[in-house]
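Reading through the structure tokens given below for one structure.
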Amino acid sequence: MPRYNPKEVEPKWHDRWSSANAFETRDKDPKPKYYVLEMFPYPSGRIHIGHVRNYAMGDVIARYKRACGYNVLHPMGWDAFGMPAENAAMQTGAHPAQWTYGNIDIMRGQLKQMGLAFDWSREFATCDPDYYVHQQRLFLQFWDAGLAYRKESLVNWDPVDQTVLANEQVIDGKGWRSGAPVERRNLSQWFLKITDAAEDLLAALDDGRLSGWPDNVRLMQKNWIGKSKGLQMKFRFADGTKAPEGFDAGVEVFTTRPDTLYGASFIAISPDHPLAATMAQSDDKAAQFIAECASAGTSEEAIEKAEKRGYKLPLEIAHPLDDRRLPVYIANFVLIGYGTGAIFGCPAHDQRDLDFARKYDLPVPPVVLPEGAEASSFTIGAEAYTGPGTLFNSDFLDGMAIDEAIAAAIKKIETIGQGEGVTQYRLRDWGVSRQRYWGCPIPAIHCDACGIVPVPEKDLPVKLPDEADFSVPGNPLDRHPTWKHVPCPRCGNDARRETDTFDTFVDSSWYFARFASQPKDRPVDKQTADHWLPVDQYIGGIEHAILHLLYARYFSRAMKHCGYLSVDEPFANLFTQGMVVHETYLDSDDSKPLKERWLLPEDVVRKGDRIVNAQTGKPVIVGAIEKMSKSKKNVVSPEAIAETYGADAARWFMLSDSPPERDVEWTDSGVEGAWKLINRIWDAVSAAPGALKNVDLAKPGANNDDKPLRQITHAAIAGVTDDIEHFRFNKAIARIYEFLNALKKTNSASAAVSDWARAEALSALTRLIAPFTPHLAEECWETLGGEGFVCDAPWPKADPALLAKDEVVLGVQVNGKRRGE
RNA sequence: GCCCCUCUGGCGGAACUGGUAGACGCGCUGGAUUCAAAAUCCAGUUCCUUCGGGAGUGCCGGUUCGAUUCCGGCGGGGGGCACCA
């Protein structure tokens, strides 16, 4: 029997699918819609095995839903703006566009080789002017609607990539791409008002709108948005203290523990607080202290080790509820980015405040008494008391529990007109300006006379200049000789273009809508976009739990606000798949620097128990099993796999064994197992050519001896269906193995099985494997004599009558122990 | 520090709402085929065992007729947030 030959079979079906436009989706179709989307790739050069896993999952869903009678939209495109293209330009001189589109061509070919059922007619790259012109339109609309604004503020500056980063893009105080410690700079930047949507973004996490999302992603977003309720109040300067200019009203403070107001012993403001700057103008020591704080690291360790430090200002604040006078400090542990950038210190019940108070010898009056403690003897030692208890030493709050006291304190402060109960969010507005060339230009013009003027609609798109100088760091748009010089659209005088481009996360915040509908003259056709949205199944990596997934949620709301869409939640169901990991190999020759010692999997060979360098024969150190990365060389190329075993084997293995949400370790024996299965299926099918032609499965044709095989067949159908529906691809695959094993046994053991039942089994098997190994399935379908493409064949249906088991084996338990069989 | 997830053979992992622990795959062992190997096929494979059985799902305890599953505590691994007032 000839072995299955994917090298011939796979291209054959690619051609046939392509010439039949098998996967092109029409908007108007009487069937119910189903939109399945995988996070589109950045065209970095080549497809890696993680992409294969991601797209194989989406493809299973797409092909399965199609077989179930849905009109499936399954598009693909390119998240094509970004730093790597510019870095390549700096290193090799190739223009970012050339580099990017070249990569896209390669990767498109690789994806096609995988046999993924994409509707390629909707493909676009976010760097296409045809795409980003609409992004500029959207931005102008947002601006008009007050959702976008420009302001000077303290931002995260990445000194390596020479650009600003959003808060979400700073990980452990380092740039998410460059890994460089982020500096803080005061710059004028564009922002999108994501904070306006904070409450709704938060509410939707719990009110059922995102019931199709994993709990952990919802939780991460909830923590990121970080809602807390508290009291925002003014602390006025005490008699005898002259309020600095502009601060007549005092210092505004936010607290979640207004119950501890009587425990206040000092006021502390952030080094970045405006009052600190004002005081520093006439106080060199204050200025010096602020400068020291600014230069301190923001890394995890730096913060952990940083000692609480303060600088005492010559100011005094009056306690609002009693006659105490509180000192005012600039303190290094107070953040400008949260609340009001100023706090009242309550050392008895906050560890940081306590550390600070001990250092500067400030009073530590306790106001919350733990249950069982004596008011007369309760004191605070080295640890603040943050637990439950009853208020004391607190006038009208005495005797209340904490919650009760919080409410009472807020009410009191509101009554005396010095503050109000407020809700605070950790979430900051989304800074979208990037000082880079390879991004979507922000359509604004700076005019000395008119201020910041939007680019008129008729002048869109603002296209990137083709020529740019990448030989030195910095923003090539800003130093371009002519590009930024334009007349002001309002007064006609000389003006300057905005030279910042959008954060690339803006590009990926609405691409799913553009896939659904791409009219020439506007971002989307509302009716068509509404038809397709929300995405029914979105699949991607957990690393986007906060970044992309939060931005896209906001963008949908903004687009809805401006009348482009009707949905606020773009992704009805989300699945976050695990990574593909692989062993790392380190050459034992330690004379070379570490980063040159990593070896590719293909450069090592197993010799018995040992692993050695294939070239030198020297032993190799087997390192940790990690996410595949170029730097550690623990990568395998999907092309090489497809070359050896075919795309189907790669797809099958990526989905077998490990649950899809978990990491999967790439092993050569795993792919070989997949290859073995493909041949076993092919053997079973090719032994029965024309099996579907000889019988009519639409009419009953089974005899009494067929029942065992039919029960196995229908159990497989029911099981695989249920497993796919629940994203349990590993189990679906296990069931297909069981089915095949049972089928083979039947073939050899019982000649009594009718052709009809055998055809039924083979037909079901072929259709069940079709979402996983589509080329093999088509080849089988053709061999069996099935009609048309198997990708157009309906999903098999399990007959409930055949699912009931005739016999049940009962375990006998005596006193909870199993006895007998 | 706070929050979340996770822990099952040599390995990846099954076990729906508590009811025969280890499906399926990998690996390994034995056999068939072969001049030989690869490939393929068949059988076995949680551990211990005096072959009667016994033990077993990170550890300790609890609830239950019965716990991988539920509860409490401890430990290992992973993740998110983090001087957030």
Side-chain angles (χ1 to χ4, degrees), chain A residues 1 3 171-173 214-228 230-232 253-258 260 264 268 270 296 298 300 302-309 331-346 349-353 355-356 386 424-428 542-543 545-546 578 581 625 652-653 656-659 661-677 679-680 683 719 722-723 726 728 730-741 744-745 748 808-821:
Chain A
M1 205 176 299
R3 290 205 103 192
I171 317 286
D172 271 358
D215 291 343
N216 61 336
V217 176
R218 295 211 314 261
L219 187 70
M220 281 161 71
Q221 292 212 354
K222 186 177 176 176
N223 291 340
W224 185 261
I225 294 168
K227 178 178 181 170
S228 51
L231 170 67
Q232 185 163 327
V253 154
F254 173 74
T255 179
T256 55
R257 291 294 301 275
T260 63
S270 164
T298 47
E300 197 178 331
I303 286 169
E304 219 159 74
K305 285 180 190 153
E307 163 185 33
K308 307 280 176 286
R309 294 178 57 215
N332 64 345
F333 67 95
V334 181
L335 306 173
I336 190 65
Y338 186 78
T340 61
I343 61 161
F344 76 77
C346 174
H349 306 292
D350 182 291
Q351 191 59 46
R352 292 158 305 174
D353 296 350
D355 295 344
F356 189 84
T386 55
Q424 275 286 341
Y425 299 94
R426 217 179 133 276
L427 184 70
R428 307 281 89 200
I542 186 77
E543 66 273 19
I546 291 169
V581 297
I625 298 169
W652 180 269
F653 171 55
S656 56
D657 296 350
S658 286
E661 68 278 9
R662 226 177 280 181
D663 290 351
V664 60
E665 190 194 346
W666 179 273
T667 60
D668 289 340
S669 54
V671 216
E672 281 158 23
W675 170 238
K676 206 151 82 180
L677 169 100
N679 281 289
R680 288 175 63 204
D683 287 351
D722 191 50
D723 289 335
H726 293 94
R728 297 185 295 238
N730 56 322
K731 285 182 64 187
I733 280 175
R735 281 187 209 274
I736 292 172
Y737 274 108
E738 275 182 297
F739 182 24
L740 184 66
N741 291 343
K744 289 225 165 186
K745 275 211 175 86
S748 53
V808 178
V809 181
L810 273 183
V812 180
Q813 286 180 351
V814 177
N815 287 336
K817 292 278 184 190
R818 188 159 56 90
R819 290 282 181 261
E821 293 293 328

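In the text below, chain A, chain B and the rest are named by the order of the sequence lines, each starting its count at 1.
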Which way is the base of G75(B) turned, syn or anti, if we draw the line at 90° from 0?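 G75(B): anti.
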Looking at the angle O4'-C1'-N9-C4 for a purine or O4'-C1'-N1-C2 for a pyrimidine, is G9(B) syn or anti, with syn meaning within 90° of 0? syn
Given [options], identify the nucleotide with an atom nearest to the side chain of [X].
| X | options | result |
| --- | --- | --- |
| R426(A) | C83(B), C26(B), C81(B) | C81(B) |
| N730(A) | A14(B), A85(B), C81(B) | A14(B) |
| R680(A) | G25(B), C26(B), C84(B) | G25(B) |
| L219(A) | G80(B), C81(B), C4(B) | C4(B) |
| K308(A) | G25(B), C83(B), C81(B) | C83(B) |
| V334(A) | C26(B), C81(B), A85(B) | A85(B) |

Can you tell if the side chain of [X] reaches within under 4.5 Å of the side chain of [Y], non-hydrogen atoms only?
| X | Y | value |
| --- | --- | --- |
| I343(A) | D353(A) | yes |
| Q351(A) | T386(A) | no |
| R680(A) | K744(A) | yes |

Looking at N741(A), I'd like to know whether one of its side-chain N or O atoms comes within less than 4.0 Å of OP1 or OP2 on G25(B). yes
Is Y338(A) near enough to A85(B) that one of its side-chain N or O atoms lies under 4.0 angstrom from OP1 or OP2? yes
Does the ring centre of W666(A) sit less than 6.0 Å away from the ring centre of F653(A)? yes
If the condition is ring pair (Phe, Tyr, Trp, His ring centres under 6.0 Å), which residues does [X] pass it with, not counting sequence neighbours?
| X | result |
| --- | --- |
| Y425(A) | none |
| F356(A) | F266(A), Y329(A), F333(A), Y360(A) |
| F739(A) | none |

Sorted by position of nearest nucleotide on RNA chain B, 5' first, the leading residue of S669(A) and N223(A) is N223(A)
Of E738(A) and G341(A), the one whose nearest nucleotide on RNA chain B sits closer to the 5' end is E738(A)
Could you walk me through whether R662(A) and D657(A) satisfy the side-chain contact (heavy atoms from CB on, under 4.5 Å) test, starting with their C-alpha distance in whole Å, then the side-chain angles of each, then the deciding distance to 0.1 Å, before giving a yes or no? CA-CA 10 Å; R662(A) 226 177 280 181; D657(A) 296 350; over 6 Å; no
So, using salt bridge (charged side-chain N to carboxylate O under 4.0 Å, His left out) as the criterion, who are the partners of [X] when residues are at least two apart?
| X | result |
| --- | --- |
| R428(A) | none |
| R728(A) | D722(A), D723(A) |
| K676(A) | none |

Length of the [atom1]-[atom2] vector between [X] and [N], whole Å:
| X | N | atom1 | atom2 | value |
| --- | --- | --- | --- | --- |
| K676(A) | A39(B) | NZ | P | 8 Å |
| L677(A) | A39(B) | CG | C1' | 16 Å |
| I343(A) | A85(B) | CD1 | C1' | 6 Å |
| F344(A) | C84(B) | CZ | P | 15 Å |
| I546(A) | G80(B) | CD1 | C1' | 7 Å |
| R352(A) | C83(B) | CZ | C1' | 6 Å |
| R735(A) | C24(B) | CZ | C1' | 10 Å |
| E661(A) | G13(B) | CD | C1' | 12 Å |

Atom [atom1], compared across [N] and [M]: separation rounded to whole Å:
| N | M | atom1 | result |
| --- | --- | --- | --- |
| G25(B) | U46(B) | P | 14 Å |
| C74(B) | G12(B) | P | 27 Å |
| G62(B) | C16(B) | P | 26 Å |
| G52(B) | C41(B) | C1' | 37 Å |
| G44(B) | U57(B) | P | 26 Å |
| A32(B) | A38(B) | C1' | 16 Å |
| U45(B) | G10(B) | C1' | 11 Å |
| U69(B) | G58(B) | C1' | 16 Å |

Determine whether any donor atom in the side chain of K731(A) lies under 3.5 Å from an acceptor atom in the base of C24(B), or the reverse, and answer yes or no. no
Counting the atoms with a prime plus P, OP1 and OP2 as sugar-phosphate, which does Y737(A) contact under 4.0 Å by heavy atoms, base, sugar-phosphate, or nothing? sugar-phosphate
N/O donor-acceptor pairs under 3.5 Å from side chains in residues 214-226 of chain A, not counting sequence neighbours:
| residue | atom | partner | partner atom | Å |
| --- | --- | --- | --- | --- |
| D215(A) | OD1 | R218(A) | NH2 | 3.3 |
| R218(A) | NE | L205(A) | O | 2.9 |
| R218(A) | NH1 | L210(A) | O | 3.3 |
| R218(A) | NH1 | W213(A) | O | 3.2 |
| Q221(A) | OE1 | R553(A) | NH1 | 2.6 |
| Q221(A) | NE2 | A545(A) | O | 2.8 |
| W224(A) | NE1 | E168(A) | OE2 | 3.0 |

With the criterion being N/O to N/O and under 3.5 Å, what pairs connect the protein with nucleotides 10-12 of chain B, and how long is each?
| residue | atom | partner | partner atom | Å |
| --- | --- | --- | --- | --- |
| G12(B) | O2' | S658(A) | OG | 2.9 |
| G12(B) | N2 | D657(A) | OD1 | 3.3 |

So what is the 5' to 3' dot-bracket string for RNA chain B, if pairs are Watson-Crick or G-U wobble with both distances under 3.5 Å, crossing pairs use [ ] and | means the partner sits on another strand? (((((((..(((......[....)))((((((.......))))))(((....)))..(((((..]....))))))))))))....
